[in-house]
Amino acid sequence: MADQQNPKWFTPFMALVMFTSISMVQYIDRGIIAGAGTSIMGCLPSEARCTPDLTKHHCGNTTIPRNCTSSCRVCGAVCDGKVTDQTGFGINTQHLGYLQSSFMVGYMIACLTFAHIVHRVKPFHMVGWANVIWIVSTILSGLPNVLCDHDPTDPNICPYFWMMVIGRVLSGVGEAAIATLAVPYLDDRVPTEKKGMYLAVYFMSLPVGTALGFIWGGAITNWTGGKWQWAFLLEGPIVVPFAIANFFIPDRLKRAGEDDDASSLKNVAINDDASPSKQERTPLLSGSNDAADGSTIADTNSGIVSPRAHPAAPPRLFDEVWIVLTTPLFLATCFGYAAYSAVVAGLGFYGPLFVQNNRPCDSRWDFSQASADIIFGATVASTGFFGTAIGGVLLDRKAKAMSKARQEDRYARVVDPAFSIFWQVLVGSGLAVLASFMDIPLLFFLVLAAGCIFLFMATAGINLVINWSVPTDHRSMAMALSILLMHCFGDVPSPIVIGHMADVLSPKETLVYSEAWLVWAILLWFAGYIIAKRNCKKYSVFGQA
């Protein structure tokens with residue numbers, strides 16, 4: 001399988017630990033901007049740059065000092081006995097949305113590059129170099145706040161803001177390699193009946209890491225008196241050991257036709273063409289087609305070639321992209337994923353700000369940045385952990401009930417996760433919208449937590465459907481293109497759009513309109529389930545039975 005023997009310590013479990021640890025730190029990095037958002041924005045030089053009449057919308061005829069609300073911070077204003085100092089760039093919420101989304105530019109470009117060259121290089125070496133780039137990005141993300149002079153009378157945005165934008169773009173490049181490798185590699189090395197839990201553990205890094213990022217960013221900012229740059233500068237060294245370790249792992253991804261388990265596909269022929277015929281999906285009626293040298297010979301009577309045929313040459317980029325983008329199940333799942341990610345990323349970005357800004361005249365909603373980060377972060381982290389785990393367990397139970405042959409048939413095994421993600425987002429979105437209408441903070445967090453559990457239950461299933469919707473050789477490209485589509489139509493524009501809505505609408509309206517976007521995920525994933533059922537009936541022997 002590999003050009004060299006892997007280190008003995010590098011088992012599938014250790015691969016999971018490495019993937020999850022790196023992703024966890026990288027998602028913590030993503031959450032810092034939301035957690036320290038108020039401090040990163042900093043104060044504004046005059047009230048003229050504040051959002052007009054925002055507090056009046058909530059308070060009716062009640063008058064409160066507008067510069068004492070987190071929606072409008074004027075430099076030099078005295079609030080609760082403290083003078084408002086400049087701690088950031090002097091930007092508004094929409095600019096913060098640009099900052100949050102900028103890493104996606106590097107992420108989208110790099111993921112396509114990494115997904116294509118993974119066929120030609122040792123993928124873990126590729127991840128090692130990507131980790132080095134990511135470490136550099138953390139320095140460029142923290143350094144600008146050190147260089148800004150923080151003059152509260154300067155009406156201009158600190159010019160080093162753009163250095164941080166570049167740092168965030170490079171952080172996306174650093175993240176892209178592992179995003180295209182992790183799922184296909186675990187798919188290769190982990191038994192089908194355990195894949196759900198392995199992927200659930202790996203994808204726990206998204207909600208848990210992002211939520212910890214809220215807490216980390218807010219806590220570091222609070223402990224250092226507004227010096228949020230340390231939240232970025234202290235995380236880079238954590239990834240250094242993993243970057244080094246990746247250069248000592250020679251393993252690569254499987255290609256179409258390769259299989260380490262000599263018995264796993266003995267009774268079923270799986271042809272990885274994009275549009276197989278029914279004949280190609282018929283079971284082998286007699287012994288193995290394996291040649292004496294371990295390769296596979298064609299059955300001249302049936303026209304079937306065993307899965308262990310010699311792997312073909314690496315595919316061309318255009319061919320790979322074309323095959324993936326002409327797969328209906330992949331497209332339905334990815335565009336649904338984009339809508340889903342727009343909301344999840346939007347909640348991650350705007351959630352702590354919503355908690356701070358909602359109902360400023362109601363003493364029950366008197367949350368500071370630190371308390372909002374901790375409470376919202378704990379809610380997302382706990383629901384992400386349990387929701388993703390529950391979703392993985394449910395998928396594994398379904399897989400264990402399947403025969404070995406059905407587990408290895410990608411057309412049959414994809415039906416259950418396709419249905420699961422549909423009903424999970426349906427329930428979760430209803431609860432999330434309901435939470436927006438709760439005036440009591442405790443009820444808001446309880447109902448939101450219930451909705452988030454169902455939303456995060458879909459995490460492993462989404463990525464299994466994407467991974468299994470395309471032929472084996474194109475899984476990395478499928479992951480890369482799913483990331484590209486998800487970010488282009490999901491969490492790249494989401495913080496910017498939500499930031500703009502937050503500047504002109506009330507917090508409640510902003511949250512409801514953001515969550516309502518999940519209706520697209522519901523419709524598209526229902527369509528995906530119908531497509532998966534149709535493909536199973538058309539191409540799989542299990543659908544023909």
Given 3.5 Å as the limit, does a donor-acceptor pair link the side chain of [X] with the main chain of [Y], or not?
X: S469; Y: I466; answer: yes
X: S429; Y: L426; answer: yes
X: S102; Y: L99; answer: yes
X: N463; Y: T459; answer: yes
X: S371; Y: F367; answer: no
X: T383; Y: V380; answer: yes
X: D396; Y: M197; answer: yes
X: W216; Y: A231; answer: yes
X: W525; Y: T333; answer: yes

For residues [X] and [Y], determine if any side-chain heavy atom of one lies less than 4.5 Å from a side-chain heavy atom of the other.
X: F456; Y: V344; answer: yes
X: S494; Y: W517; answer: no
X: F103; Y: E175; answer: yes
X: T138; Y: L233; answer: no
X: D188; Y: R475; answer: yes
X: I421; Y: Y340; answer: no
X: L16; Y: P12; answer: no
X: V173; Y: Y107; answer: no

Nearest-0.5 Å distance, [atom1] of residue [X] to [atom2] of residue [Y]:
X: T379; Y: L448; atom1: OG1; atom2: CG; value: 6.5 Å
X: K195; Y: R413; atom1: NZ; atom2: CZ; value: 5.0 Å
X: W134; Y: F242; atom1: CH2; atom2: CZ; value: 11.0 Å
X: F354; Y: L511; atom1: CZ; atom2: CG; value: 5.0 Å
X: T224; Y: W230; atom1: OG1; atom2: CH2; value: 9.5 Å
X: M457; Y: F386; atom1: CE; atom2: CZ; value: 13.5 Å

Can you name the closest pair of heavy atoms from [X] and [Y] and give their distance?
X: V414; Y: A532; answer: CG1-CB, 4.1 Å
X: A372; Y: Q356; answer: CB-CG, 3.6 Å
X: C111; Y: I483; answer: SG-CG2, 4.1 Å
X: P184; Y: N467; answer: CG-OD1, 4.0 Å
X: V465; Y: A418; answer: CG2-N, 3.7 Å
X: A115; Y: A480; answer: CB-CB, 3.3 Å

Worksheet item: Could you go step by step and tell me if R168 and F232 meet the side chain to side chain contact (heavy atoms under 4.5 Å, CB included) rule?
Response: CA-CA 11 Å; R168 304 317 298 157; F232 290 104; 3.5 Å; yes
Fill in: Plane angle bin for Y98 and H95 - parallel if under 30°, tilted between 30 and 60°, otherwise perpendicular
perpendicular
Practice prompt. Look at the aromatic rings of F419 and Y529 and report parallel, tilted or perpendicular, splitting at 30° and 60°.
Written response: tilted
Discussion item. Evaluate V127 against M18 for side chain to side chain contact (heavy atoms under 4.5 Å, CB included), listing each step before the verdict.
Written reply: CA-CA 11 Å; V127 172; M18 175 178 284; over 6 Å; no
Discussion item. L446 vs M438, test: side chain to side chain contact (heavy atoms under 4.5 Å, CB included). Steps then yes/no.
Written reply: CA-CA 10 Å; L446 288 176; M438 299 295 170; over 6 Å; no
Discussion item. With a 6.0 Å cut-off on the ring centroids, do W228 and F89 count as close?
Written reply: yes
Fill in: Within the 6.0 Å centroid threshold, strictly below: W365 and F444
yes
Discussion item. Quick one, I178 with S23, criterion side chain to side chain contact (heavy atoms under 4.5 Å, CB included). Give me CA distance, side-chain angles, the key distance, then yes/no.
Written reply: CA-CA 8 Å; I178 197 169; S23 293; 4.2 Å; yes
Within 6.0 angstrom of [X] [atom1], more than 12 heavy atoms from elsewhere:
X: F526; atom1: CZ; answer: no
X: F445; atom1: CZ; answer: yes
X: F385; atom1: CZ; answer: no
X: R364; atom1: CZ; answer: yes

